[in-house]
Structure formats: structure tokens, C-alpha cells
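Right, one structure below, let's go through it.
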There are 2 protein chains.
Amino acid sequence: MNPQKSSTIGDVAAEANVSVATVSRALRGLPNVAESTRRRIEEVAERLRYQPDPSASRLASGKSSTVAIIVPTLEGWYFSTVMAASTTALTKGGYESLIIVDAVDDSAGRLVDRSVLKGVDGVILINMALSDSKRETLQRSAIPVVSIGMKIEGFSAVSIDDVALGFEATSHLAGLGHKTVGVITGLKWNPFQFEVSDRRLAGHMAARSHFSLVKDDDLVVGGDFSMVGGYNAMLKLMERPERPSALLAFSDEMACGAWLAARSLGLSVPEDISIIGVDDHPMSELWGLTTIAQNVTSHGGLAAELLLKLLKESDDVGDIEVETTLIQRSSTRVV
Amino acid sequence: MNPQKSSTIGDVAAEANVSVATVSRALRGLPNVAESTRRRIEEVAERLRYQPDPSASRLASGKSSTVAIIVPTLEGWYFSTVMAASTTALTKGGYESLIIVDAVDDSAGRLVDRSVLKGVDGVILINMALSDSKRETLQRSAIPVVSIGMKIEGFSAVSIDDVALGFEATSHLAGLGHKTVGVITGLKWNPFQFEVSDRRLAGHMAARSHFSLVKDDDLVVGGDFSMVGGYNAMLKLMERPERPSALLAFSDEMACGAWLAARSLGLSVPEDISIIGVDDHPMSELWGLTTIAQNVTSHGGLAAELLLKLLKESDDVGDIEVETTLIQRSSTRVV
DNA sequence: CTGAAAGCGCTTACAG
DNA sequence: CTGAAAGCGCTTACAG
């Protein structure tokens with residue numbers, strides 16, 4: 001057995017004394033193949049360790065059975081979790097996942113310039129804001145796309161109400177009597193990614209007015225959705241003379257980073273400062289972190305299912321808005 | 001312009017008044033094409049937004065320009081970081097990354113049963129212990145493989161000396177005067193994945209003897225390389241009557257989880273218990289966690305470079321052992 | 001239920 | 001420097 005050369009559909013056909021067409025049908029479970037023939041073919045295929053060449057299948061059928069999952073970064077819990085959930089669902093649906101990292105600072109603009117799109121049946125965008133040109137490229141390709149985390153003109157989306165989230169989180173703090181609330185937003189990893197952060201901030205601002213909270217500009221500091229980012233942002237926030245009595249971080253990782261920064265400043269949570277995050281990261285329960293849970297795993301799964309549906313029926317399947325819930329733990333308390 | 005139908009090499013050839021062969025050569029930068037012809041073809045290709053069909057190229061050339069990155073899970077900082085580093089290096093080298101999650105509990109055994117391997121030029125295994133049958137499948141396929149994190153018979157590897165690491169970490173603790181050292185190992189996410197954890201444990205055991213430390217069995221508890229796992233393991237560890245005065249966790253995430261568990265028990269670090277981790281996760285600096293750094297990013301990059309070399313020269317390129325360094329911070333101190 | 005044949009969109013010797 | 005032609009390994013009408 002030559003290790004270099006694997007067998008082709010022709011080898012199987014020859015061994016089984018049938019045509020390649022029959023082998024193709026038999027192995028793919030298509031109808032109109034005698035059971036006995038099918039069994040014989042399966043046996044031969046097994047013995048020869050035959051595996052269809054995906055490139056040939058794709059070329060011939062026009063279907064690749066793979067979907068591209070496009071993310072701005074591979075780092076951070078949010079992306080890993082959503083990717084894992086999508087991949088799992090896609091695998092169950094019979095699709096491979098091609099993961100593409102399309103950081104905006106990648107001047108090559110992989111999504112547009114590379115021809116990966118031609119090798120793919122569908123696309124899942126995870127919190128990827130698109131430049132106009134990329135969006136057009138995608139639209140022109142006419143392949144199904146679903147976006148997670150934000151609505152994009154022309155594509156189905158799985159997302160949450162980020163404005164409401166920003167409002168609710170702030171309102172929780174205001175309800176506890178806090179008047180000076182610091183906010184750690186998140187932007188860094190994607191220059192185009194203003195949206196999620198901006199919408200949460202808009203919600204916060206609305207609540208800030210509604211509850212007559214302190215309105216200073218230096219109460220809002222940018223993080224980058226990481227623990228380190230949250231840590232540094234917190235340090236900056238704490239430089240102002242009148243320290244906030246509460247903090248809203250736009251992710252749990254930033255919230256925990258901020259918590260560590262508070263600790264390094266000799267501050268206790270929630271005695272000296274209340275902290276609320278967003279996500280319900282698995283570590284949040286360990287910290288006792290109050291947070292707005294957004295059920296990240298289901299985002300990934302739902303998006304995959306939406307795409308699978310699109311792949312089958314190819315008509316519009318609409319959007320999904322996932323519920324969000326406040327989980328109160330021990331990091332926030334009455335001021 | 002029909003949005004459904006993208007142009008083929010034939011369209012470009014027709015427009016440019018040359019044969020498809022010439023278009024193929026021109027666009028791939030091969031020699032023996034007149035500069036003027038090349039320019040004309042490039043222009044037409046641009047105008048028609050021509051993108052070569054990857055499946056067709058693969059089928060015709062036998063090269064796919066994609067490498068499979070196989071991981072047991074998508075979760076956890078270690079995997080994200082290594083994947084990101086590998087992907088970045090591969091992209092620079094002109095390769096796509098196909099990420100395959102091959103959890104062992106996936107009875108389908110994706111690596112073996114699926115034909116993805118036929119669509120791929122090379123494979124990077126990230127901390128994937130392989131069953132014999134999978135290893136054989138890979139070997140038989142004769143495509144270049146490099147393994148990260150552990151040595152696998154027949155493949156190049158990028159790894160660290162885990163035994164030495166276990167010894168060094170323990171010896172740091174022993175040097176501080178600790179006699180009763182708890183250990184949180186890590187196994188869960190991959191039943192076959194005894195190796196890394198076992199080797200570190202072997203190193204620890206050697207040090208345990210060498211420094212005459214307490215040898216009770218209940219001083220070793222299994223985690224799963226996550227914060228939650230570390231948290232629970234710590235709780236278990238602290239049930240024993242004579243509590244350990246120091247803890248070695250086989251990852252920083254577990255170490256931080258254990259730290260939170262200690263906190264929940266009213267214990268301070270390092271006053272009541274010293275903690276040392278492994279990895280040098282970015283959050284470790286924030287915590288002040290002492291750790292053994294293993295430069296995870298470079299693992300991913302080095303492996304990709306090794307593979308790229310293998311892909312070019314196709315002869316054996318050997319293994320790489322990455323250095324490991326103790327970073328002492330404030331979570332460990334004299335007992 | 002099965003087979004012969006065309007075709008998917010490229011690449012690659014081989015001629016010229 | 002360029003083109004005609006075969007071939008990569010499948011799938012898909014079309015006949016039978």
C-alpha cells in the first residue's frame with residue numbers, strides 16, 4: 001500500500017465492479033442504489049480507506065460544505081465561546097468551519113482580497129463591523145451571511161439590545177443610590193467596532209440623564225475588552241479627584257481587571273466601589289461579580305442554525321434578538 | 001453585472017485576448033509572461049473582480065495552500081493564543097488556516113473519518129494527544145505535521161520540558177520553606193491528554209522527594225485548566241485537615257481560580273498560602289502571580305515556521321524546545 | 001437501479 | 001513568450 005497515494009473514486013468503482021457514478025451515489029446515501037450494491041461499495045470503500053477529495057466534490061457540485069467564520073480577533077473569551085458554539089452546531093449540520101481572522105489593521109483586507117469566499121457556502125460574522133467595500137463584496141457574492149452581535153444592512157443577525165443593556169446596568173447602579181458612575185467601554189481591537197460599545201454607552205448616557213447622575217466626561221474611559229485593558233482603564237478612572245462609587249464595565253473580563261486595579265489601590269469591592277460587568281463569563285460567579293448575562297453560547301448556536309436554514313431554504317429568515325438578564329451577585333451594593 | 005455569477009479564468013482570458021494558460025501564469029506571477037501582457041491581464045482581472053476558484057486550483061495543482069490546525073477545544077487562553085500565533089504566521093506564509101476541533105468525546109473522530117485531510121497541505125496539532133489509529137491515519141497521509149506541546153512519534157514538535165518545569169516550580173516553593181505543597185493538575189478536556197499534566201506532575205514528584213516534602217495523595221487534585229476548575233480543585237484541596245501552605249497549579253487560569261477559592265475561604269495570598277502557576281497569562285501580572293512563563297505565543301509562531309519549512313523542503317526539520325522561565329511576583333513568599 | 005459522458009475551473013507539461 | 005489539450009477527482013443530467 002503506497003502511503004503517498006490515497007485511493008480515488010475510480011479505484012473503488014473498479015474494485016466493486018460498478019461505475020464511478022454509482023459509487024458517488026452510494027456513498028452519499030442517494031436513492032436509487034440497490035441495497036446490496038451499496039453495501040458492497042461501502043465495504044470496498046472502507047477497505048481501501050477511500051475518502052472523497054473535497055476539492056473535486058466542491059468543483060463538481062458547486063457546494064463546499066464549509067462556512068467561513070470571520071472574526072476580528074482570536075483573543076478573548078467572547079470570541080472563543082461564540083466560535084466554539086457555532087462550530088459545534090455547524091459540524092452537526094454537516095459543515096466544516098473555516099476560521100478567518102480579519103483584523104482591520106490587516107491592510108491586506110483578507111476578506112475582500114482573498115478568494116476564500118469562493119470556497120465557502122456561507123459566512124458567519126462574529127462582531128465584525130464591515131467597511132462599506134467589504135460589505136458590498138459580501139453582498140455581491142450572494143452567499144448567505146449571518147452576523148452575530150450587530151445588525152448589518154442586508155444580512156440576518158443574532159444580537160442583543162445593547163442600548164437597553166447599557167440602560168439597565170446603569171439603572172441597577174442608580175437604584176442602589178450611586179450618583180457617580182464610572183464606565184469602561186471597549187474599542188481597541190477593531191477600529192470599526194464602535195457599534196456595540198457605542199450603543200451600550202448610549203444606553204448608559206440615557207440612564208445617566210434619567211437618574212440625574214454626575215455627568216463628567218472623565219467618567220468614561222476606553223478599555224479593550226480584556227482584563228489588562230480593564231485594569232488600566234480603572235487606574236485612569238481613579239485618578240479623578242472625586243472617585244466614582246460604582247463602575248460599569250462593558251465586559252466581565254474588564255470588570256475583573258478593574259477589580260484587580262481597585263485592589264492594587266487598596267480599595268475593596270463592593271465596600272469602596274460597586275462593580276457591574278457584562279457577559280456572565282464563567283469566572284464571574286467565582287468573583288461574585290454582578291453582571292448582565294447575554295448567553296454568549298446560544299448566540300453562536302443560533303447563528304449557525306440560522307445559517308443552516310438559509311443554506312437550505314435560501315429565503316430570508318429574519319433576525320433574532322437574544323434576551324439579556326441582570327444577575328445580581330456580591331460586587332454591587334447600596335452606597 | 002449578475003451578482004450570482006463571478007467571472008472565471010475563461011472570462012478574463014477572453015477579455016484580454018489570451019489563453020487561459022497565460023492568464024493562469026500571469027496572475028500567479030510565474031515567469032515567461034511579457035510584462036505588457038501581464039499588466040493587461042491584471043487590469044482585466046481587476047475590472048472583472050476575478051478571483052480564482054480555490055477548489056479548482058487545488059484539484060488541478062494538488063496544492064491547497066491551507067493547513068489544518070487541530071485542537072481538542074476552542075476554550076481557554078492557551079489555545080486561543082497559540083492558534084492566533086500560528087494563524088498569523090501561516091497567513092504571512094500564504095496559507096489559510098482550517099481550524100478543526102477534535103475533542104476526543106466526539107465519537108465521530110473528525111480527524112479520521114472526515115476527508116478534511118485530503119484538502120490540506122499540512123497539519124498543526126495543538127496539544128493534541130492522538131489515539132494510535134489517528135496517528136497512523138496522519139502518518140499514512142504523508143502530509144507534514146508539527147505538534148505543539150508534546151512530542152509525537154514521527155512528527156516534528158515544539159514543546160517545553162514539562163518535567164523540568166514541574167521540578168522547578170516545586171523547587172521554588174521548597175526554597176521558600178514550604179513543606180506541604182498542594183498541586184492542581186489538569187486533564188478534563190482531553191482524556192488522552194495525560195502527557196503534559198503527567199510530565200509536570202512527574203517533575204513535581206521528583207522535587208517532592210528531593211526536598212523531602214509531605215507526600216500525601218490528597219495533595220494532588222485534578223483541575224481542567226480553567227479558572228472554574230482551579231476554584232473547585234482548591235476547595236477540595238482545602239478540605240484536608242492539615243492545609244497546604246503552598247500551591248502549584250499547572251496553569252495560571254487554574255491558579256487564579258484557586259486564588260479566588262482561597263479568598264472565599266477567608267485566606268489571603270501569600271500570607272496564608274503561596275501560589276505559583278504556569279504560563280504567564282497576561283492577567284498574571286495584574287494579580288501579582290508568580291509563574292513559570294512558557295512563551296505561548298512563540299510556540300504557535302515557531303510551529304508555523306517549522307511547518308512552512310517542511311512544506312518547502314519536505315525533509316525533516318527536527319524539534320524545537322522552548323525555554324521556560326520562573327517569574328517571581330508577589331503570590332509566593334517565605335512560609 | 002446503473003452507466004457513459006460532459007463538465008466544474010483551474011494547472012501543467014508539451015509544442016511551437 | 002504563448003496556446004492547445006489533457007487531466008485533476010468528483011457530480012449530474014440523460015439514457016437505458
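In what follows, every chain begins at residue 1, and chains take the letters A, B, ... in the order their sequences are listed. Everything numeric in this text was worked out from a predicted model, so none of it was measured.
Closest approach to the A:S61 side chain among D:dT12, C:dT11, D:dC10 is made by D:dT12 (side chain taken as heavy atoms from C-beta onward). Taking only side-chain atoms of B:A60, from C-beta outward, the nucleotide of D:dT11, C:dT2, D:dC8 with the closest atom is D:dC8. The side chain of A:N32 sits closest to C:dC1 out of C:dC1, D:dA13, C:dC10. When the nucleotides D:dT11, C:dG9, C:dT11 are ranked by their closest atom to the side chain of B:A56, C:dG9 comes out on top. Here C:dC10 is the nucleotide among C:dC10, C:dG9, D:dC10 with the atom lying nearest to any side-chain atom of B:P52. Each of D:dT2, D:dT12, C:dC10 was ranked by its minimum atom distance to the side chain of B:A34; first place goes to D:dT2.
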Subject >> Pair assignment for DNA chain D - dot-bracket with | for other-strand partners, Watson-Crick or G-U under 3.5 Å >> reply: |||.||||||||.|||

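Distance check: B:Q139 CD to B:F155 CZ gives 4.5 Å after rounding to the nearest 0.5 Å. Note: A:I99 CD1 to A:I124 CD1 = 10.0 Å, rounded to the nearest 0.5 Å. Here the NZ atom belonging to A:K309 is positioned 12.5 Å from the CG atom belonging to A:L311, to the nearest 0.5 angstrom. For the atom pair CD1 of B:I152 and CG of B:L125, the computed distance is 5.0 Å after rounding to the nearest 0.5 Å.
The residue A:T37 sits close only to the backbone: its heavy atoms come under 4.0 Å of sugar-phosphate atoms, none of a base.
Remark: B:R25 is not in phosphate contact with C:dT11, judged by side-chain N or O atoms under 4.0 Å from OP1 or OP2. The side chain of B:R40 contributes no N or O atom lying less than 4.0 Å from OP1 or OP2 of D:dC1.
Under the 4.0 Å criterion applied to side-chain N and carboxylate O atoms, B:E43 and B:R39 are not assigned as salt-bridge partners.
Between the P atom of C:dA5 and the CD1 atom of A:I9 lies a distance of 17 Å, rounded to the nearest Å. One interatomic measurement links the two molecules: CG of A:L48 to P of D:dG9, which rounds to 14 Å at whole-angstrom precision. In this entry the distance linking CG of A:D53 with C1' of D:dG9 reads 6 Å, nearest Å. The CD atom of A:E35 sits 9 Å away from the P atom of C:dC1 (whole-angstrom rounding). Here C:dT12 presents its P atom at 8 Å from CG of B:L30, a figure rounded to the nearest Å. Atom CD1 of B:I41 and atom P of C:dC10 are 14 Å apart (whole Å). If you measure from atom CG of B:L59 to atom P of C:dT12, you get 12 Å, rounded to the nearest angstrom.
Residue-to-nucleotide contacts include no donor-acceptor pair under 3.5 Å from the side chain of B:R58 to the base of C:dG9.
Scored by the salt bridge (charged side-chain N to carboxylate O under 4.0 Å, His left out) test, A:E15 finds A:R47 as partners (sequence neighbours excluded).
Without hydrogens or angle criteria, B:D121 side chain to B:K63 main chain gives no donor-acceptor distance under 3.5 Å.
For the segment residues 12-23 of chain A, residues with any heavy atom less than 4.0 angstrom from an atom of DNA chain D are, sorted by number, A:A21.
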Subject >> Evaluation steps, side-chain contact (heavy atoms from CB on, under 4.5 Å), between A:I41 and A:R38 >> reply: CA-CA 5 Å; A:I41 292 175; A:R38 190 190 301 275; 5.8 Å; no

**OP:** Let me see the working for A:T88 and A:T91 under side-chain hydrogen bond (donor to acceptor under 3.5 Å, both in side chains), right down to the final yes or no.
**Re:** CA-CA 5 Å; A:T88 302; A:T91 299; over 6 Å; no

**OP:** Evaluate the side-chain contact (heavy atoms from CB on, under 4.5 Å) criterion for residues B:T137 and A:R49: first the C-alpha distance (whole Å), next the side-chain angles of each, then the deciding distance (0.1 Å), finally the verdict.
**Re:** CA-CA 10 Å; B:T137 303; A:R49 300 178 199 283; 6.0 Å; no

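Annotation: of the two residues near DNA chain D, A:S55 and B:R38, the 5′-most nearest-nucleotide partner is B:R38.
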